[in-house]
Amino acid sequence: MSISTSVLSDLLKSLPYLRPQLYFKASLTALSHAMEDQVLAATLAQPLVIASFQRERFYRQEAHRYQRLALRSNQVYVLSAPETDFTNSSEHYEKVAFEPKDGLSQEWHLVVIADNYATCLVCRENLGSIAKNKQLPELSHNLDIDTARRFEGIWTSERGVSLKAAELLLDRILVYRPELASKIEEARQRFGIGEPRSYSGTEQVNEYACDIDTDPFVQRLVTYLQASQYKLHKAYRSIAAQARKERLVNSISTAIRRSLDPHEVLQVAAQELGQHLEACRCLIYRAQAADSQAIIQHEFLTPGILSVCGQTWELEKNSLFRDIVEQGEGVCVSDTLSDPRVTNSPGLSLIAKKFAIRSWLMEPVFYQGRLLGIVELHYCRMPPHECQVGELDLVEAIATQVGAALIQAEAYANLEELNQQLEALDRTRSNLIAITGHELRTPLSTIQVCLESLASEPDMPLELQQIMLNTALSDSERMRKLVQDFLTLSNLESGRVEWHPESLTFQECVDLALSRNRTRSSTEKPTQIKTQIAQNLPLVRADGDWLVEVLAKLMDNAYKFTPPEGEITIKAIHNSRQMVVEVTVADTGRGIEPNRLEIVFDRFYQEEGALRRTTGGTGLGLAICRQIVNGWGGEIWAESTGKDQGSQFHFTIPIVHNSYEEKRTKVKSK
């Protein structure tokens, strides 16, 4: 049924005087929204609106707007190539699903025809733009590439062109939805679509006449223009600032950027800065505001100057350092023999004399307000060195670069860990999509089939009706548990749970957890479950409901991965050394690889992989258990010798410390 011809080509053939123009996607978006706003602003127009999106994903971004447009008219048609569930329908407005190979899939259309005005936008995507996106599939959703897409076509308020475009699109709609013939004929007759028209003399001038308020259209375009101008202005300011910064520190920052090793960065910076400013000695060392001492590790020296590398610099009584911390800016001492900040400080005077410092410049290394270190320049020869404004600016700029380089170096040092965290987050995202998609779609489909059968087949036997009803109820309970797990984990992780610790008998909690899982064990598979609870086990202190929840989820996890002939064991012993009860839920099932014993407690972790699971569940159960056990101050861990060797999940519960326990111990000894 797909049609390869282009609506734009047909329009240009019918009206050869038209001259297409080039549009970027951002421009088309602005024009489309402006045309839609014009319809939304009208009260009595009841126009014909035809919108053709290339793909369903583009339609989804605007679906809410077309529901609003449908309140203004009953002649709204939306065309799109389906990607998920976009189908022919008449809800709110007429949806027309065309074949993906149809020529419409490369075009963008919006036609609005009212009694008092008309406007249309008919464009076809530029082939060069399509080829570029195909060459960069990994960036197909990147904003820059998306906004750079180019279209060739027509945008006009000429009524004759709009009517012709509407005629071509209505003909295309009839191919896919012939049942709309009467509705489309009503639109044709009302607006004169398809009728012969003249384009000479005053009639052509009147093609653009209208008596509507154009403010909504203009305001939308102005908004887009202002937003674009703001982005350009911001970009220009950023570029200018970066250019000034690069010119100022290019000779040194280039050397700094050659390495991400913090020691090498500091040594290169000291060497380059000392040479550039012709200092006798240049020091760069790490120091924070609260430090009392700093060790000099990076130094530049001119020949004949005494080295201070490896020396311990006293900072607590250094008035120059204290001034830097308090004022947040560098200090400059032109002559240490006359400056009172040095002459009045025995410690600074001793340093200046010992290392022949005649002029002294100290500049802090800050990053986002945090002191990271100090840059010092020493001039040891006569006459004293007078610091120039340009030199101070350069030292400050270099200090800023050093601060950024240090932060980058630290970030690079932690790159492997960060990458692992990002990979874990990506796995979490992928698993969330896959698992929730599977766990929600499957029961929803079953419920829908059951309810549709019950609704459409009233003569269905009662036994079969009961089966359908039980199936729907079972799957709705499955969905409820999924949502409940999401909410439970969210509340636990955000700290919104109120704990109610109490003194409990562990055996009672086990009995409650067993009763919760009894239904499953009797209906799915007869896996044997045993309990080995130590006698005279002390009372535990925990929130009873959450303790039962942990036991139930660990047993549920064991059920999933243990064959029918297998065995599940619940053990509990008193660990007197740690003053806790240690609980173990062991099974003889599939087991866990040793390198996965820790990540099984991660959110959405699925031992089989999210896309090839044979067992149900969301991968949230063990994550919930970890949050609960951590909540009462316990520990939880897993043990397994490998595949098909079974697994053991352990957790601890604090015990109750009171005289009752002592009395029970005395009675036992008698």
Side-chain angles (χ1 to χ4, degrees), residues 241-291 293-302 308-309 311 313 315 318-334 336 339 341 348 351 355 357 359-379 385-413:
Q242 183 68 20
R244 291 193 300 270
K245 178 180 177 182
E246 289 296 328
R247 285 194 300 269
L248 183 64
V249 298
N250 183 63
S251 61
I252 299 178
S253 60
T254 300
I256 292 176
R257 294 192 185 99
R258 291 173 183 167
S259 174
L260 287 174
D261 178 25
H263 296 289
E264 185 176 348
V265 166
L266 295 181
Q267 186 58 46
V268 168
Q271 186 78 17
E272 294 292 332
L273 183 59
Q275 288 181 348
H276 187 81
L277 294 182
E278 299 179 349
C280 296
R281 185 187 295 115
C282 179
L283 310 176
I284 300 180
Y285 51 90
R286 304 293 294 267
Q288 298 184 16
D291 290 348
Q293 293 180 333
I295 298 177
I296 309 302
Q297 294 181 326
H298 307 93
E299 177 186 57
F300 160 78
L301 293 174
T302 57
V308 299
C309 189
Q311 297 279 342
W313 231 234
L315 302 178
N318 188 326
S319 59
L320 299 181
F321 179 77
R322 289 299 130 199
D323 288 345
I324 289 175
V325 172
E326 294 174 3
Q327 300 174 11
E329 58 184 19
V331 296
C332 181
V333 176
S334 298
T336 57
D339 194 299
R341 291 173 294 184
L348 292 180
I351 292 175
F355 298 107
I357 304 173
S359 299
W360 200 342
L361 173 64
M362 296 179 65
E363 182 67 32
V365 176
F366 281 113
Y367 186 81
Q368 295 183 350
R370 180 163 65 97
L371 181 63
L372 301 178
I374 298 292
V375 176
E376 289 194 23
L377 292 172
H378 300 167
Y379 294 88
H385 181 79
E386 294 290 340
C387 295
Q388 303 299 317
V389 175
E391 293 178 344
L392 296 176
D393 290 341
L394 179 59
V395 175
E396 183 178 356
I398 294 303
T400 302
Q401 291 294 308
V402 169
L406 287 175
I407 294 298
Q408 292 172 1
E410 291 176 357
Y412 183 77

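Residues take their numbers from the sequence shown, with the count starting at 1. Note that the structure is predicted; figures quoted are calculated from it, not measured.
- Here the side chain of E299 pairs no donor or acceptor atom with the backbone of C282 at under 3.5 angstrom.
- Partners of Y379 by ring pair (Phe, Tyr, Trp, His ring centres under 6.0 Å), not counting sequence neighbours, listed by chain and number: H385.
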Given V375 and I398, is the side chain to side chain contact (heavy atoms under 4.5 Å, CB included) satisfied, shown in steps?
CA-CA 9 Å; V375 176; I398 294 303; 5.9 Å; no

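- Note that the CZ atom of F366 and the CD atom of E396 stand 10.0 Å from one another [nearest 0.5 Å].
- Shortest non-hydrogen contact noted between V402 and A269 is CG2-CB, 3.8 Å.
- Contacts of Q288 classified as side chain to side chain contact (heavy atoms under 4.5 Å, CB included), with partners at least two apart in sequence or in another chain: D291.
- Atoms CE and CD, from M362 and E376 in turn, are 4.0 Å apart once rounded to the nearest 0.5 Å.
- The CG atom of L301 lies 9.0 Å from the CD atom of Q271; values are rounded to the nearest 0.5 Å.
- Shown here for A270 and I284, the closest heavy-atom pair between the two residues is N-CD1, 3.5 Å.
- Looking at heavy atoms from C-beta onward, I374 lies in side-chain contact with I324 at the 4.5 angstrom threshold.
- Considering only heavy atoms from C-beta on, L392 comes within 4.5 Å of L361 through its side chain.
- Using cut-offs of 30° and 60° on the angle between ring planes, the pair W360 and H378 is perpendicular.
- For the side-chain hydrogen bond (donor to acceptor under 3.5 Å, both in side chains) test, no residue two or more places apart in sequence or in another chain qualifies with Q297.
- The side chain to side chain contact (heavy atoms under 4.5 Å, CB included) check on Q368 picks up nothing, with sequence neighbours excluded.
- Between V365 and A399 the shortest heavy-atom distance is CG1-O, 3.5 Å.
- Atom CD of E278 has 12 or fewer heavy atoms from other residues, nucleotides or ligands within 6.0 Å.
- L315 approaches A294 most closely through the heavy-atom pair CD1-CB, 3.7 Å.
- With sequence neighbours excluded, no residue forms a salt bridge (Lys or Arg N to Asp or Glu O under 4.0 Å) with R370.
- L377 contributes atom CG, which lies 9.5 Å from atom CD of E363 (distance to the nearest 0.5 angstrom).
- Shown here are the side-chain hydrogen bond (donor to acceptor under 3.5 Å, both in side chains) partners of D339, two or more places apart in sequence or in another chain: R341.
- With rounding to the nearest 0.5 angstrom, the CZ atom of R286 is 13.0 Å from the CD1 atom of I295.
- Here the CD1 atom belonging to I407 is positioned 6.0 Å from the OH atom belonging to Y367, to the nearest 0.5 angstrom.
- Inter-residue side-chain proximity for I296 and W313 is flagged as met; some heavy-atom pair is nearer than 4.5 Å.
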